[in-house]
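Below: the structure, in structure tokens.
These numbers come from a predicted model, not from an experiment. One is the number of the first residue; the rest follow in order along the sequence.
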Amino acid sequence: ASNWIFLSILTLFIGWRHYVGGDWNHYQSYISLVKGYSFLKAVSSPDPSYMILNWIGGNYFGGIYFVNFVCALIFSYGLIV
């Protein structure tokens, strides 16, 4: 049970960061870029998995916060396991 609590806290802490890091604006530009893309164009990018996350976040859920949250969840899970 304590692993799930740690996973949740770590994921929320990392996933909901706001203007943290020197690359924040760079990642925001990905969101802006893929908002106008079709899903197929996002899939055909050089980094399809990450661009699909950006496409979903930019078009449907919370923008960069969705992307950060999903990436934080993957990272946190790997850290705990």
Side-chain angles (χ1 to χ4, degrees):
S2 64
N3 283 348
W4 289 109
I5 293 170
F6 182 66
L7 174 86
S8 300
I9 291 170
L10 189 61
T11 300
L12 291 173
F13 185 74
I14 296 169
W16 285 344
R17 66 187 180 99
H18 183 71
Y19 282 97
V20 175
D23 54 359
W24 179 265
N25 291 331
H26 184 69
Y27 291 128
Q28 284 286 77
S29 69
Y30 282 142
I31 293 289
S32 298
L33 180 70
V34 297
K35 272 188 180 180
Y37 281 9
S38 68
F39 180 78
L40 291 177
K41 189 170 182 180
V43 170
S44 65
S45 71
D47 191 0
S49 298
Y50 188 68
M51 284 303 188
I52 289 170
L53 279 178
N54 281 287
W55 185 83
I56 293 169
N59 290 304
Y60 298 106
F61 302 108
I64 192 67
Y65 301 104
F66 172 78
V67 177
N68 284 344
F69 186 82
V70 172
C71 291
L73 182 61
I74 293 167
F75 169 80
S76 301
Y77 179 77
L79 182 67
I80 290 182
V81 169

Name every donor-acceptor pair, under 3.5 Å, that has one atom in a side chain of residues 36-48 and the other anywhere in the protein, sequence neighbours excluded.
unit_1	atom_1	unit_2	atom_2	d
Ser38	OG	Lys41	N	3.2
Ser44	OG	Leu40	O	3.2
Ser44	OG	Lys41	O	3.0
Ser45	OG	Ala42	O	2.9

(request) For residues 54-63, pull every pair meeting side-chain hydrogen bond (donor to acceptor under 3.5 Å, both in side chains), keeping only residues two or more places apart or in separate chains. (result)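 Every pair satisfying side-chain hydrogen bond (donor to acceptor under 3.5 Å, both in side chains) with a residue in residues 54-63: there are none.
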(request) Anything under 30° is parallel, anything over 60° is perpendicular, the rest tilted; go ahead and classify Tyr30 against Tyr27. (result)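 Plane angle between 30° and 60°, so tilted.
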(request) Measure the spacing between CD1 of Ile31 and CE of Met51 and express it to the nearest 0.5 Å. (result)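 Those atoms lie 9.0 Å apart.
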(message) Distance check, rounded to the nearest 0.5 Å: Ile64 atom CD1 versus His18 atom NE2?
(response)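 If I round to the nearest 0.5 Å, the distance is 11.5 Å.
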(request) Using ring pair (Phe, Tyr, Trp, His ring centres under 6.0 Å) as the criterion, list what pairs up with Phe13, not counting sequence neighbours. (result)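 Testing Phe13 for ring pair (Phe, Tyr, Trp, His ring centres under 6.0 Å), a comparison that skips the adjacent residues, returns none.
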Within one Ile-Leu-Val-Met-Phe-Trp-Tyr cluster: [X] and [Y], side-chain cutoff 4.5 Å:
| X | Y | value |
| --- | --- | --- |
| Phe6 | Ile14 | yes |
| Tyr50 | Tyr65 | yes |
| Leu33 | Phe61 | yes |

(request) Show which residues join Ile5 in its hydrophobic cluster (side-chain heavy-atom contacts under 4.5 Å, direct or indirect), or state none. (result)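 So far as hydrophobic clustering goes, Ile5 is joined with Ile9.
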Please list, one pair per line, the donor and acceptor atoms closer than 3.5 Å that link side chains of residues 69-81 to other protein atoms, with sequence neighbours excluded.
unit_1	atom_1	unit_2	atom_2	d
Ser76	OG	Thr11	OG1	3.4
Ser76	OG	Ala72	O	2.8

(request) Quick one: list whatever passes side-chain contact (heavy atoms from CB on, under 4.5 Å) with Tyr19, sequence neighbours left out. (result)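 Tyr19: side-chain contact (heavy atoms from CB on, under 4.5 Å) contacts with Trp24, Asn25.
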